[in-house]
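We count ligands from 1, going down the list as the structure has it; atoms in each ligand are counted the same way. Side chains are part of it too, since the values below use all heavy atoms of this structure and drop only hydrogens, waters and symmetry mates.
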Amino acid sequence: MKRTDFPKEFKFGTATASYQIEGGIEDRSPSIWDEFSHTPGKTKNGDNGDVACDHYHRYEEDIEIMKDIGVDAYRFSISWPRVMTDGIKPNEKGIDFYQKLVDKLLENNITPFITLYHWDLPLYLYKEKNGWLNPDIANYFQDYASLMFNKLGDRVKHWITLNEPWCSAFLGYFVGEHAPGHKDFQESFYVAHNLLRSHGKAVIAFRDIVKDGKIGITNVVTKVESLSNDEKDIQAAKLVDQYINGWYHDPIVYGKYPEEAVNSLKNIKLDIPENDFDIISQTIDFFGVNYYSRQVISYDENHPLKFKHAEGPLPKTEMGWEIYPKGLYDKLVEFNNKYKLPLYITENGMAGPDKLENEQIHDDYRINYIKDHFKSTLDAIKDGVDLRGYFIWSLMDNFEWAHGYSKRFGLVYVDYNTQKRYLKDSALWYKNFLLNK
Ligand code: GBH
């Protein structure tokens with residue numbers, strides 16, 4: 001498999017997110033992740049993003065590294081509390097950071113893809129305005145999005161409104177493993193809905209401000225399979241697929257939540273004004289797909305959503321996630337048929353048992369993982385899927401949310417004591433691949 005097997009315009013890149021890499025907290029307002037990670041017991045070893053990869057001060061070096069690897073594109077996210085004090089008032093210093101970042105990327109021929117929200121909600125909006133539970137959040141988000149479109153839209157032509165709203169809603173408000181750590185089933189549905197409304201309002205502003213750009217949304221796309229051929233397991237898996245995948249795609253394309261999932265949620269209030277779906281279902285230009293793994297599901301009477309995860313038999317990454325490239329192929333083909341929109345893989349990658357030895361990291365497992373997922377992608381393209389690009393998660397090791405720094409996803413190894421970066425074998429492999437060697 002060679003780079004030249006992919007379409008000519010296909011973009012190969014890497015991805016990161018603001019809270020996971022930036023540090024530089026002296027120059028911004030706090031976010032819900034600052035508060036959450038500083039609360040004892042919430043993250044592994046009490047790790048937080050105060051310094052992270054110190055990318056805020058080292059972005060030039062990091063762009064040099066990308067240049068060396070030879071990527072076409074870079075997907076990063078903007079920290080809302082950096083560009084707006086308390087998420088409300090524009091902060092020139094913060095905006096200036098992203099101006100410089102974008103200019104430096106363009107100087108190096110790397111196409112920027114911006115994600116507006118990768119989970120770092122300004123703490124003020126959470127504390128004083130009830131965060132994603134308040135329907136007004138969509139207006140705050142629209143103001144923030146408009147500011148960024150105005151400031152960067154002349155140079156940045158690819159925009160992603162939200163990263164994985166399922167995680168914000170389900171992990172943040174029901175499971176409680178992500179900020180703000182609520183455990184309220186009903187709330188998670190309000191949050192999901194307000195996230196989708198916020199997405200829609202940002203798209204409306206975008207069409208007004210950036211006439212020649214593309215905008216989409218990125219979701220975590222999980223392949224869901226049934227543990228057995230038992231009718232109950234099959235039905236449970238089908239519903240889980242709708243809760244994770246359909247819930248965040250159908251309303252955007254079809255203007256409604258998946259019907260069976262809605263019917264199964266008898267105890268949940270979904271009193272939704274009809275015109276909300278007009279906001280949510282704005283025409284978008286692509287779906288971003290973050291693909292990592294699959295879930296194997298069986299029926300469980302006791303869970304509020306009537307399902308349970310089964311342990312799958314496949315080899316797993318350090319996260320405990322099964323390695324399943326075929327799931328990527330399946331989802332791409334399914335999405336192409338179902339939603340008929342161009343697709344980007346906006347994240348794919350793995351955490352590995354990386355060891356720094358003699359300034360090297362021999363991560364063959366990651367090279368194999370990436371190759372196998374490239375292969376699935378190529379198969380999907382051959383079968384007619386309109387795929388435009390592929391971003392490896394992640395450029396460098398970083399703050400892996402509740403897992404802190406204990407999990408390494410990077411192509412580049414970060415020594416957190418010295419902030420020195422080392423190219424892993426996977427980065428060198430990617431470099432050769434991009435040179436078509
Ligand atoms: C992404 O989320 C995030 O966007 C990124 O910030 C993060 O660093 C990266 O992934 C790595 O974690 O239940 O066995 O199917 C990933 C969201 C949700 C994907 C849980 C995997 C569990 C696998 N993940 N899902 S499984």
K.L.:
Heavy-atom pairs closer than 4.0 Å: do any link ligand 1 to the side chain of H309, the backbone, both, or neither?
P.N.:
neither
K.L.:
Which protein heavy atom lies closest to atom 8 (O) of ligand 1, and at what distance to 0.1 Å?
P.N.:
E400 OE1, 2.7 Å
K.L.:
If we ignore angles and hydrogens, is there a donor and acceptor under 3.5 Å between the side chains of D27 and Y56?
P.N.:
yes
K.L.:
Considering only protein heavy atoms, which is closest to atom 2 (O) of ligand 1, and at what distance to one decimal place?
P.N.:
E164 OE1, 2.8 Å
K.L.:
Which residue holds the protein heavy atom closest to atom 13 (O) of ligand 1, what is that atom called, and what is the gap in Å?
P.N.:
Q295 NE2, 3.2 Å
K.L.:
List the steps and the verdict of salt bridge (charged side-chain N to carboxylate O under 4.0 Å, His left out) for D354 and R408.
P.N.:
CA-CA 7 Å; D354 304 336; R408 294 180 178 273; 5.7 Å; no
K.L.:
To which protein heavy atom is atom 18 (C) of ligand 1 closest, and what is the distance rounded to 0.1 Å?
P.N.:
W166 CZ3, 3.9 Å
K.L.:
Step through it carefully: locate the ring centre of F10, locate the ring centre of Y390, and say whether they are under 6.0 Å apart.
P.N.:
no
K.L.:
Quick check: do L332 and D330 have side-chain heavy atoms less than 4.5 Å from each other?
P.N.:
no
K.L.:
Any atoms of ligand 1 less than 4.0 Å from a non-hydrogen atom of N163? List them with their elements.
P.N.:
4 (O)
K.L.:
With a 3.5 Å distance limit and no angle check, can you tell me whether H303 reaches the backbone of L305 through a side-chain donor-acceptor pair?
P.N.:
yes
K.L.:
So which bit of R294 gets within less than 4.0 Å of ligand 1, heavy atoms only: side chain, backbone, both or neither?
P.N.:
backbone
K.L.:
So which protein heavy atom does atom 24 (N) of ligand 1 come closest to, and at what separation?
P.N.:
W321 CH2, 3.9 Å
K.L.:
Going by distance alone, is a donor N or O of one side chain under 3.5 Å from an acceptor N or O of the other, for N398 and S394?
P.N.:
yes
K.L.:
H118: heavy atom below 4.0 Å from ligand 1, yes or no?
P.N.:
yes
K.L.:
Does the side chain of K371 reach to within under 4.5 Å of the side chain of W429, using non-hydrogen atoms?
P.N.:
yes
K.L.:
With side chains defined as the heavy atoms from C-beta onward, is the minimum distance between D103 and R155 less than 4.5 Å?
P.N.:
yes
K.L.:
Please indicate whether any nitrogen or oxygen in Q20 is less than 3.5 Å from any nitrogen or oxygen in ligand 1.
P.N.:
yes
K.L.:
Nearest to atom 9 (C) of ligand 1, what protein heavy atom do you find, and at what distance?
P.N.:
Y292 OH, 3.4 Å
K.L.:
Using a strict cut-off of 4.0 Å, indicate which atoms of ligand 1 neighbour a heavy atom of T222.
P.N.:
15 (O)
K.L.:
Nearest to atom 5 (C) of ligand 1, what protein heavy atom do you find, and at what distance?
P.N.:
E347 OE1, 3.6 Å
K.L.:
Taking C-beta and beyond as the side chain, do M148 and L116 meet within less than 4.5 Å on heavy atoms?
P.N.:
yes
